[in-house]
Amino acid sequence: MNTKIETAETKLELEIDGEQVEVRPGATVLEAARELGVEIPVLCHDDRVDPAGCCRMCLVEIEGQRRLQPACTFKASPGMEVKTKTERVARHRRGLLSLYKADHRLDERGRPVSRGVHDKLADHIDTYGTGPELPPVNAPRASRSDENPYIQFDPDACVVCGLCVRYCDEVEAVSAITLFGRGASTTIGTADQRSLLDTSCELCGGCIAVCPTGAMTEKPSLDQPSEQIVRTTCNFCGVGCQLDLHVATVAAPKGPSQTVSQDLGAERSEVVGPQARVSETMKRVVRVTSPEPGTTVNDGNLCVKGRFSYEFIHHEERLTEPLIRGEDGELHPASWADAIARVAEGLHGVKQRYGADALGFVSSSRCTGEENYLMQKLSRAAFGTNNCHQCAAT
Amino acid sequence: MFGAGAMTNSITEIREAELLFVIGSNTTEAHPIIAMEMKRAVRRGAKLIVADPRAIWLSDIADWHMQLKPGTDVALLNAMTHVIISEGLVDEDFIAKHTDGFESVVEATRETTPEWAETITSVPAETIREAARAYATTRKAGIYYTLGVTEHTHGTDNVYCLANLVLMTGHLGVRSAGMNPLRGQNNVQGANDAGASPVFYPGYQRVSDPAARAKFEQAWGVELSPDDGMNLNVMMKAMMRGEVKGMYVMGEDIVLSEPNASNIEQGLNNIEFLVVQDIFVNETIRFADVVLPAACFAEKDGVFTNSDRRVQRVRKAVDAPGQARPDWEILCDVARACGYPMPHYKDAGEVYAEFSGLCGQFAGISHERIDEQGGLQWPCPDAEHPGTVTLHGDGPIKGHAPFQATVYRPSKELPDDEYPLLLSTGRTLYHYNAATQTRRSSGAVARQPENFIEMHRKDARKRGLADGQRVRVVSRRGAVLARVNISPRMRFGCVWMPLHFGDANTNYLTNDAGDPVTQTAEYKVCAVRVETVDDEASAAQ
């Protein structure tokens, strides 16, 4: 994607804000500016999709061009002079942000609503300011209720930059969502406004990840800010996607898991209602995101399992105490000391009666490398058998 | 295959490929993020060859879809080989410099014409020709495969055939080319690397090699067994025969995951002692004497090694529930209780250091280094080494890579009058393996709540079945209930079922006949019939 062919003869030189920079032919003004560390604000741009130039946030002055031009689509050329810090550019940004604000859901302080996630529009307003206050647009927009458990869309927090639609087309390549409606009423929809579950959507959640304003958000963690982010590796398939687990302190609910009933939408859970006894809090994983594009093997992408299948971590059916089968044939809770003693006794008994090769140790391709090392060491060093394998004989 | 059991190339190279040959891999569902890279390559103009009995998603954007009959891969691949040799498209330099035994393949594929293969695979001869030519004449042409290639009684032959194609066209040690098995689980690669194998110590050092044994005896301070152990398929069969009497199962649901589930259950009934260590109640726990609650990936530290040999960190984010503990701590306690002086490791990083200190190819990797630099791809022999993106850059690691001639053999159990349909099994996008995790996930449940059987419209019509109807699927080994899913993806005469559902376990049906070399079971081909059931009765069940 951003791999540049580093050969001298293929470079061209241009000037941005008075500084010279060399880029490969075909590079855009935005790429050249990044090379120099010159900040040009964007909303609709992402390196993984073709530039569209539709949000107009990245307009800059280019010598010889009568109008401001979008840096994300305009190709750099030799000797080009670009200016990003002129009053004309600043005025344009303020005016544009006023327009966006007039057509956006605002919070009580008059800022764009943020649904617990990073909001680029609010950032840009903070950085570049707005122009005159404009009357709210209040365009009628088709809204659709969608029983899919993960992806929430708020049309009034959307700037219709179409990045989610382009990601869905170009990266995930399922084209489940589309621009819907005309003019000021344009919004993001699906064919016939069906639920995402009735489209080609694969629930990868890429639309959430690329959305610059939080209009596309996660239902399960709506408005939930995160306190801590832990980088780890996904525990599903063998791609090894890097994940950022967002951890927050939340009330530890008693009784049935709230997540399942809530997400299915059938019976919106009462567990979190006013009657719920908030006796304890606990750290929970509340959201999973990908590291920035271009930094890890998954390049900012995740699939439905990596992004959303984290409910199991805090599921009420997790095993929480050791169990030993008693005389009655049932499994009973036991202490760790008793359970481990029972394991040692049982395995030793088999070895004494039938020899070490009557034991089998099944390790797991789901566990860590260290754990697999220790399992085979247990089998070989503690019991003297090579009967140790794991589930994947591929 | 050429000296290391792993992807020869890296996931990040896929986007630059000029041709992708995807065989026996429903990549969009099983490895969605690798599929995104493939889609990106195709958008950039790469050619795509898909060989799969089902019209999988990728076949929609493929230049050639070879919709072969399940289990006829060897015929198809030998026909491609025939085309490449007879049209003189081989890389003679590479063959001369880096390989042995090319003549045996020339000999074995003299008669395997595309026309012959068409009669066996039902793939049009012209498609085979075009695909073979495209593969042989494109430089950055990579092969990507998964269990659709290996889970057969001729799985090893399939892999040999692919290796032959790679070698004769010199597609090795080249960026975006090579031979790339996509690993199904997060840490298959890491588990193998760590020596969870009956024939290898950590780092692929052979149990049968006295020097390796001496090294580990010295390191661990005990005498070690010189005999190769049993692999899982053999272990399961030994358990059914009553030869294995005690088992310690960590993080696997063997009842749900192994083929011929009713035999496994019978075997588990007979063994004297079973320990299960897991994060959820699973099907195997019904037979356990002791159950040990484990921490999940978000609750512990360690490493996973992905498909392209990249060792990456797993980090603790939250506490494990109740008294559950990380598997590595439990294993240490068990070893000590059993009288073995397992060191008191202060963290998982120390365990990793002990492991990497015993294996040359991992010696340069440590938790500290990954924390600083991100994932590292082995081989990485010392702390200065940057890791290895593409293997075999200077010719095969082994020196000369051998060609292996293969002969087409039909699968062990083919459809007949009594069991007229050919069943393959696999994975879906929304669920994962035994689904202990994803069945507790609302999206997966909304999309795919229960077991289903995909079939061709004509097969359904012939039996008077409607979409969504409940049926009983019966093989020689067992029966399960499923809903009919009439699908344009299927071939006539073939059906497909996912393997994720504990209450309707598809592995009651599958055949545990194994490949003669690897013993990997034939999950991909067995014969079944479909019976209608009274919907009332099944609903009550």
Side-chain angles (χ1 to χ4, degrees), chain A residues 149-150 173 203 230 232-233 235-240 245 247 263 283 297-298 301 303 308-309 311-313 315 318-321 323 325 340 342-344 346 350 354 358-374 376 378 381-382 384 386-387 389-394, chain B residues 32-33 39 183 185-188 190-191 194-196 198 220 222 225 229-232 235 244-252 273 275 289-291 293 297-298 302-304 306-307 312 315 317-318 321-323 327-328 331 333 335 337-338 340 348 351 355 432 437-438 440-443 520:
Chain A
Y150 296 142
L203 297 173
V230 180
T232 194
T233 304
N235 94 135
F236 290 107
C237 80
V239 178
L245 302 181
V247 178
D263 294 340
K283 296 260 188 199
V297 67
N298 39 314
N301 305 309
C303 77
F308 294 119
S309 281
E311 287 164 56
F312 78 90
I313 298 172
H315 200 276
R318 283 285 299 276
L319 288 167
T320 56
E321 51 193 357
L323 306 169
R325 194 170 299 279
I340 295 221
R342 180 82 185 84
V343 170
V350 170
Y354 309 100
L359 288 170
F361 293 82
V362 183
S363 196
S364 175
S365 56
R366 311 300 313 285
C367 291
T368 64
E370 292 83 352
E371 286 156 353
N372 278 281
Y373 173 77
L374 291 171
Q376 61 86 36
L378 176 72
N386 289 313
N387 289 345
H389 205 197
Q390 41 95 17
C391 42
T394 56
Chain B
I33 300 301
K39 294 169 191 171
R183 298 295 195 172
Q185 277 88 302
N186 51 332
N187 200 30
V188 181
W220 295 340
V222 287
S225 165
M230 292 183 251
N231 69 34
L232 197 58
M235 211 188 284
V244 165
K245 297 285 193 186
M247 288 188 81
Y248 191 144
V249 181
M250 169 173 82
E252 197 201 343
F273 191 69
V275 186
D289 294 286
V290 183
V291 177
F297 84 115
V303 296
F304 290 156
N306 78 345
S307 273
Q312 303 186 112
R315 293 187 184 87
V318 290
Q323 300 177 48
D327 293 279
W328 68 270
L331 290 168
D333 278 358
C338 295
Y340 178 75
V351 182
F355 155 71
Y432 184 79
Q437 295 175 0
T438 50
R440 293 175 170 92
S441 169
S442 42
T520 300

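Only the side chain of B:Met235 comes within contact range of chain A, with heavy atoms under 4.5 Å apart. Of the atoms belonging to A:Leu359, heavy atoms from both backbone and side chain fall under 4.5 Å from chain B. Contacts of A:Val239 with chain B are made by both backbone and side-chain atoms, with heavy-atom separations under 4.5 Å. Using a 4.5 Å cut-off between heavy atoms, B:Val291 touches chain A through backbone and side chain atoms alike. Looking at A:Tyr354, the atoms closer than 4.5 Å to chain B (heavy atoms on both sides) all sit in the side chain, from C-beta outward. In this structure, chain A has a heavy atom under 4.5 Å from the side chain of B:Lys39, while its backbone stays farther away.
Most heavy-atom pairs under 4.5 Å with chain B, from the set A:Val297, A:Val247, A:Asn298: that is A:Val297. Of all the listed residues (B:Pro198, B:Ala194, B:Gly322), the one sharing the greatest number of non-hydrogen pairs under 4.5 Å with chain A is B:Pro198. Here A:Thr233 is the residue among A:Ile313, A:Leu245, A:Thr233, A:Asn301 with the most heavy-atom pairs under 4.5 Å with chain B. No other option in B:Gly251, B:Pro293, B:Gly229 has as many heavy-atom pairs under 4.5 Å with chain A as B:Pro293. Counting heavy-atom pairs under 4.5 Å between each of B:Ala196, B:Gly302, B:Ala298 and chain A puts B:Ala196 at the top. The most heavy-atom pairs under 4.5 Å with chain B, out of A:Asn235, A:Leu323, A:Thr232, come from A:Asn235. Of the listed residues (B:Asp333, B:Val303, B:Asp289), the one with the most heavy-atom contacts under 4.5 Å to chain A is B:Val303.
Using bins of under 30°, 30° to 60° and over 60° for the plane-to-plane angle, the ring pair B:Trp220/A:Tyr373 lands in the perpendicular bin.
A:Ser365 places no side-chain N or O within 3.5 Å of a backbone atom of B:Ala191 that could act as its donor or acceptor partner. Without hydrogens or angle criteria, A:Asn372 side chain to B:Gly190 main chain gives no donor-acceptor distance under 3.5 Å.
When every heavy atom of A:Val350 is checked against every heavy atom of B:Lys245, the shortest pair comes out as CG1-CB, 3.7 Å. When all heavy atoms of A:Glu371 and B:Met250 are compared, the pair lying nearest together is O-CE, 3.9 Å.
For the side chain to side chain contact (heavy atoms under 4.5 Å, CB included) with B:Val275, the lone residue among A:Val362, A:Val343, A:Ile340 that qualifies is A:Val343.
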